[in-house]
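One structure below.
All heavy atoms count here, side chains included; hydrogens, waters and symmetry mates do not. Chain letters run A, B, ... following the sequence lines, proteins first and then strands; every chain starts at 1. A quick note: this is a predicted structure, and the numbers were derived from the prediction, not measured.
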Amino acid sequence: MEESRLKKLQVLKERGLSYPYKFKTSSTIGDVRKRFEKDVEYKHITLKGTVKRVSSVEDGYLVRLVDSRGVEILVLTKEELSQGKEYKLSGLLGRYEGKLCLFSAVSIDSGEAVQIEDIKKEYDLDPNFEEVSLAGRLVALRSMGKALFGHVQDGTGKIQIYLKRDVLGDERFRDFEELVDVGDVLGFRGKLFRTNTGELTLEVEDFLVLTKSLHPMPEKWHGLKDVEVRYRQRYLDLIANEEARKIFLLRSKVISQIRRILDMEGFIEVETPTLQQVASGANAKPFITYHNYLEQNLYLRIAPELYLKRLIVGGFNRVYELGKNFRNEGVDTTHNPEFTMLEFYVAYWDYEDLMEFTEKLMEELLRTVVGGMRITYKGRELDFTPPFRRYSYFELLEKKTGKGMDFFLKDLEGLRNLAGNIGIPKADTLTHAKLIDKVFDVLVEDELWGPCFVVDFPKLLSPLAKSHRKNPELVERFELFVAGKELANAYTELNDPFEQRERFLAQLKEREMGDEEAMQMDEDFIRALEYGMPPTAGEGIGIDRLVMVLAGVDSIREVILFPTLRQR
RNA sequence: GAGCCGGUAGCUCAGUCGGCAGAGCAACGGACUUUUAAUCCGUGGGUCGCGGGUUCGACUCCCGCCCGGCUCACCA
């Protein structure tokens, strides 16, 4: 804790001015800005002005361009403009952190230019001294002697404040100067106006210290970079880094849109056990915990699948669950021990229906969350306009190896050699199923930029999927690949209890042969199938990975608020 | 689990060949009533991740450990 801040808090406490119970705001900061800032639809314009300041930002320069009357506008350009010189700049008008900004600007020699002031009048409305109460964290402070500027921020946005000694009175003005630090959470009452440079600003008539920050804030220009601190103290990341706020707002939007879309389709949302007697429904190692009263081990679920299908047996024909799965495995850029999964099941659909629905779901997500069908990920374009391409599992393998399905399913020795040759470790001990899986993983997966479906998987990789109606060696299963990552896995569900038992038994054999992740037998689930599960199709979508793609980040920890880290 | 990289002021980062620990921001004092990475003048601030070793002398070289990142392995 910083000593000077503690002293200020002491004074506030002595005067009964700290930690009030309530401060009534008239709206959020973001709402105020939205009301006085008209949407701009990236139209092409040319502006004339003098360069006041140039700051280098990632991928170019952020320029403050000013007209003869002092009205300012931001310009993002790749050109190196010199300070104090006049330019004619042509680019796309948009908003940068809420402020009007000319994007991708290039300097030109001739042509008509619009006045900065006119553009700002058109899109930045006059707040006309409207009275508001706002609260937020003070993130910047610029003292000018008898007046003082700052910025106040919350999760919805940022707004400038202006404190004038004339307006506030000598005593309150001195209080602010002496007791307030950058980082404190403050409440303000005042009138909205625009400064000479055109920025929406709250002229403060009164303020209240709502809580003090006893630690200094991260550096204002470079932000908080230390990834370890960003993950362990995510609140600092959210305060300091706009990008982090954007990602988690996007994640929230993705989740609420998924709920909306599924609800519209007649699904009901359900919750099934996280603590399970048998951890089954996926190939993974579970976390084990102990229940004192029941005097037994319980497993954290690795998948909700078998419970959701019990609900289909029960007559809930369209169910989904959006929740956490837990897998006791390695941690890396695409794996966190707890992760969020959407699973949904539909009676009387098959996997063809699911593919169609998946396209619709993705299209709708892109439309509502991203605002278009195209995104750039790792420098490459992804286009989610349906229909997505479909590739058959074994055709992909054949294209890579020249070997057909029979080779992979029948010639175990040949497959083992092939796996060894392409550098798969422990190729001589892996089970048949694992070998096929690995070879596909190594040879094919990375190239599935997609979005695309891989369809018709080998049966021995899919113990819960129904046999393919055209080929008994295959199952009716597909995976959705985007950017070389598996985003969704789905199949026509196996609903024959006898066959399901056989498949579980085959898994137990795999387990005996050394595959620790082979699926566990679930007798209770088989009994449910014996009561009759209608023809059903089900799908799982990894929400974290989906958000990674939509947010354009390549580590899962960037989309999980508090990723699992080693204890300090 | 293995390899590589990193950990220096509250934050972002420099630190040469082994020779007194540095800058910017933040803090503190002062000037400034439309600033916005404000500006100008001045001041204070360090367990150099932790523990050993080599050396007259270690942020720097060596060994071990901790934490993180990336790659690989494992794993949907």
Side-chain angles (χ1 to χ4, degrees), chain A residues 1-5 7-8 52-57 62 64 66 70-72 74 97 99 139-151 158-168 173 178 181-183 193-201 203 213-232 236 239-240 282-285 302-303 325 327-337 339 341 423-426 434 437-438 440-441 445 461-462 479-481 485-489 515-517 540-542 544-545 554-555 557 563 565-568:
Chain A
M1 280 184 288
E2 201 175 51
E3 208 173 319
S4 66
R5 288 172 185 255
K7 276 188 196 146
K8 291 173 187 178
K52 188 174 179 189
R53 178 160 210 145
V54 181
S55 328
S56 59
V57 290
L62 183 63
R64 306 171 68 86
V66 63
V71 180
E72 283 185 15
L74 294 175
E97 291 183 5
K99 292 183 188 178
V139 291
L141 195 58
R142 298 175 290 278
S143 165
M144 305 279 304
K146 295 185 184 65
L148 195 152
F149 284 94
H151 275 95
K158 199 167 24 169
I159 193 165
Q160 180 163 262
I161 53 160
Y162 178 48
L163 281 82
K164 223 161 134 179
R165 197 159 81 173
D166 293 352
V167 173
L168 217 56
F173 191 78
E178 286 175 4
D181 292 294
V182 170
F193 74 110
R194 285 191 183 274
T195 60
N196 289 344
T197 59
E199 179 160 356
L200 185 65
T201 303
E203 185 177 86
S213 167
L214 298 175
H215 296 280
M217 288 294 107
E219 212 257 1
K220 64 184 165 192
W221 186 242
H222 299 94
L224 182 65
K225 289 246 178 74
D226 186 326
V227 283
E228 195 178 343
V229 178
R230 287 185 45 231
Y231 298 157
R232 287 189 199 274
L236 289 180
I239 291 168
N283 301 104
K285 284 178 235 169
I302 55 176
N325 288 344
R327 299 189 182 175
N328 204 342
E329 289 155 2
V331 177
D332 63 31
T333 41
T334 51
H335 297 83
N336 195 63
F339 61 98
M341 232 355 218
I424 287 169
K426 290 184 257 165
K434 278 269 168 197
D437 199 25
K438 286 279 142 197
F440 185 85
D441 198 9
E445 242 173 53
L461 285 182
S462 319
E479 290 189 348
L480 170 66
F481 279 88
K485 284 191 192 80
E486 174 203 335
L487 281 198
N489 179 23
D515 180 0
E516 283 184 88
E517 275 96 28
I541 297 180
D544 310 280
R545 291 183 184 178
D554 47 23
S555 170
R557 291 180 212 112
L565 297 180
R566 204 180 297 273
Q567 194 169 34
R568 255 290 193 213

Under 3.5 Å on both distances, the Watson-Crick or G-U partner of B:C59: none
Separation of B:A27 C1' from A:Leu214 CG (nearest whole Å): 14 Å
Euclidean distance, atom NZ of residue A:Lys164 to atom C1' of B:U35 [Å, nearest integer]: 13 Å
Distance-only polar pair, side chains of A:Arg142 and A:Gln160, donor-acceptor under 3.5 Å: yes
hbond_proxy A:His222 side chain to B:C11 base (donor-acceptor, 3.5 Å cutoff): no
A:Pro216 side chain near A:Arg5 side chain, heavy-atom distance below 4.5 Å: yes
Any A:Arg5 side-chain N or O less than 4.0 Å from OP1/OP2 of B:A26: no
Nearest heavy atoms of A:Ile541 and A:Ala488, plus distance in Å: CG1-CB, 3.8 Å
Between B:A9 and B:G22 - P atom distance, rounded Å: 14 Å
Shortest non-hydrogen separation from A:Asp554 to A:Thr333 and the atoms involved: O-CB, 3.7 Å
Touch class at under 4.0 angstrom, heavy-atom based, for A:Phe440 against every strand present: nothing
Touch class at under 4.0 angstrom, heavy-atom based, for A:Glu219 against every strand present: base
Same-atom distance (P) from B:G46 to B:C5, integer angstrom: 32 Å
B:U34 - base-pair partner by Watson-Crick or wobble geometry, distances under 3.5 Å: none
N or O in side chain of A:Lys8 less than 4.0 angstrom from B:C28 OP1/OP2: yes
Sugar-phosphate only, base, or nothing, as touched by A:His215 at under 4.0 Å among non-hydrogen atoms: nothing
G-U wobble or Watson-Crick pairing nucleotide for B:A21 (cut-off 3.5 Å, both distances): none
Quiz item: A:Asp226 side-chain donor-acceptor pair to B:C11 base, under 3.5 Å: no
P spacing across the pair B:G18 / B:G1, given as an integer number of angstrom: 34 Å
Separation between the C1' atoms of B:C63 and B:A37, rounded to whole Å: 45 Å
N/O (side chain, A:Ser4) to phosphate O (OP1/OP2, B:G44) under 4.0 Å: no
Exercise: identify the closest heavy-atom pair between A:Thr201 and A:Tyr162: CG2-CB, 3.6 Å
Rounded interatomic separation in angstrom, taking CD from A:Glu3 and C1' from B:G10: 14 Å
Sugar-phosphate only, base, or nothing, as touched by A:Thr333 at under 4.0 Å among non-hydrogen atoms: sugar-phosphate
Nearest-angstrom distance from the residue atom NZ of A:Lys220 to C1' of B:G10: 14 Å
hbond_proxy A:Glu199 side chain to B:U35 base (donor-acceptor, 3.5 Å cutoff): no
Sugar-phosphate, base or nothing in reach of A:Arg230, heavy atoms under 4.0 Å: nothing
Residues A:Glu517, A:Lys285; criterion salt bridge (Lys or Arg N to Asp or Glu O under 4.0 Å); working and verdict: CA-CA 6 Å; A:Glu517 275 96 28; A:Lys285 284 178 235 169; 3.7 Å; yes
Over all atoms of both residues, closest heavy-atom pair of A:Arg327 and A:Ala282: NH2-CB, 3.4 Å
For atom CG of A:Leu141 and atom C1' of B:U34, their distance in whole Å: 15 Å
Spacing of the C1' atoms in B:G24 and B:U8 (rounded, Å): 15 Å
Contact under 4.0 Å: A:Arg142 side-chain N or O vs B:U35 OP1/OP2: no
Counter-base of B:C28, judged by Watson-Crick or G-U geometry with both distances under 3.5 Å: B:G42
Non-hydrogen side-chain atoms of A:Thr195 and A:Glu199 separated by less than 4.5 Å: yes
Whole-Å gap separating P (B:G68) and CD (A:Glu228): 6 Å
side-chain N/O A:Arg566 vs B:G68 OP1/OP2, d < 4.0 Å: yes
Any A:Arg53 side-chain N or O less than 4.0 Å from OP1/OP2 of B:U35: no
Paired nucleotide for B:G1 [Watson-Crick or G-U wobble; both distances under 3.5 Å]: B:C72
Gap in Å between the two C1' atoms, one belonging to B:G45 and one to B:G57, rounded: 26 Å
Side-chain N,O (A:Arg327) to OP1/OP2 (B:C74) below 4.0 Å: no
P spacing across the pair B:C28 / B:A38, given as an integer number of angstrom: 16 Å
Atom-pair distance (CG on A:Leu148; P on B:A31), nearest Å: 14 Å
Atom-to-atom span, NZ of A:Lys485 to C1' of B:C75 - whole angstrom: 15 Å
A:Arg194 side chain near B:U34 phosphate (N/O to OP1/OP2, under 4.0 Å): no
Interatomic distance at P, B:C70 relative to B:C17, whole Å: 31 Å
